[in-house]
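Data first, discussion second: the structure below is written as structure tokens.
This chain uses plain numbering: 1 for the first residue, then up along the sequence.
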Amino acid sequence: GEPDLLMRLVQQGPEPTLADVEDRLNRHLAAEPSLPALMQALRIAKRQVALLVAIADLAGWWELERVTGALSRFADTAIAAATRHLLAAAQRQGEFAAADPAAPEQASGFIVIGMGKLGARELNYSSDVDLILLYDADKAPYRGKLDIGRFFGRLAPELAAARSGVHTNHL
């Protein structure tokens, strides 16, 4: 929780504390959590990263570039986690045949591009995350019954919902 985070921040400083939050999140995500567990882990980590970065910012420990870089890096982590989860779920349902089941996003033909402040590594506390989602039908190991465009089109709102922690009927 946040009291433990604040204690680590005082004892270790912002860099090791941020690394610890990211490491714990990555270990949790490697365990292939359910969608609700994934969303909860992302919400908790987002709250902790925002608090940690705000304190480092207000205390003058970090320059603006480090603040925006940390917020951008966390957004990348959240997007990657949600993408991995959605493609792994499609694999379990037989719709997708990833070369590496542990990293179904690799060589998936699905491309997520961060635009605007995310792409420039300049996210601030209130920035919207603008993404462009593309797919390469020739490289995607898609095995489902839907048209491939509909399959990847369905991932867009599911990715946004998983990232934001809002459950939809599609997931």
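At least one side-chain heavy atom of R73 sits under 4.5 Å from a side-chain heavy atom of R121. Between Y142 and I148 there is a side-chain heavy-atom pair separated by less than 4.5 Å.
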Exercise for the section: Please step through side-chain contact (heavy atoms from CB on, under 4.5 Å) for the pair V112 and L134, ending with a clear verdict. Expected result: CA-CA 7 Å; V112 180; L134 304 169; over 6 Å; no
Practice task
Kindly indicate, with the supporting measurements, whether the criterion side-chain contact (heavy atoms from CB on, under 4.5 Å) is fulfilled by E95 and F151.
Solution key: CA-CA 9 Å; E95 294 182 291; F151 169 76; 4.0 Å; yes
Practice task
Could you please spell out the steps behind the ring-ring contact (aromatic ring centres under 6.0 Å, His included) verdict for F110 and Y135?
Solution key: CA-CA 4 Å; F110 188 53; Y135 69 92; 8.2 Å; no
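Partner K117 forms a side chain to side chain contact (heavy atoms under 4.5 Å, CB included) with one of L123, V129, D130, D128 and no other, that one being L123.
Remark: E2 CD is packed, more than 12 non-hydrogen atoms of other residues, nucleotides or ligands lying under 6.0 Å away. More than 12 non-hydrogen atoms from other residues, nucleotides or ligands lie less than 6.0 angstrom from CG of D23. More than 12 heavy atoms of other residues, nucleotides or ligands shown are found within 6.0 angstrom of CD on Q12.
A distance-only check finds a donor-acceptor pair linking the side chain of Q91 to the backbone of A98 [under 3.5 Å]. Side-chain atoms of D20 never come within 3.5 Å of backbone atoms of P16 as a donor-acceptor pair (strictly under, hydrogens ignored).
Closest non-hydrogen pair, L25 versus A45, comes out as CD2-CB, 3.9 Å.
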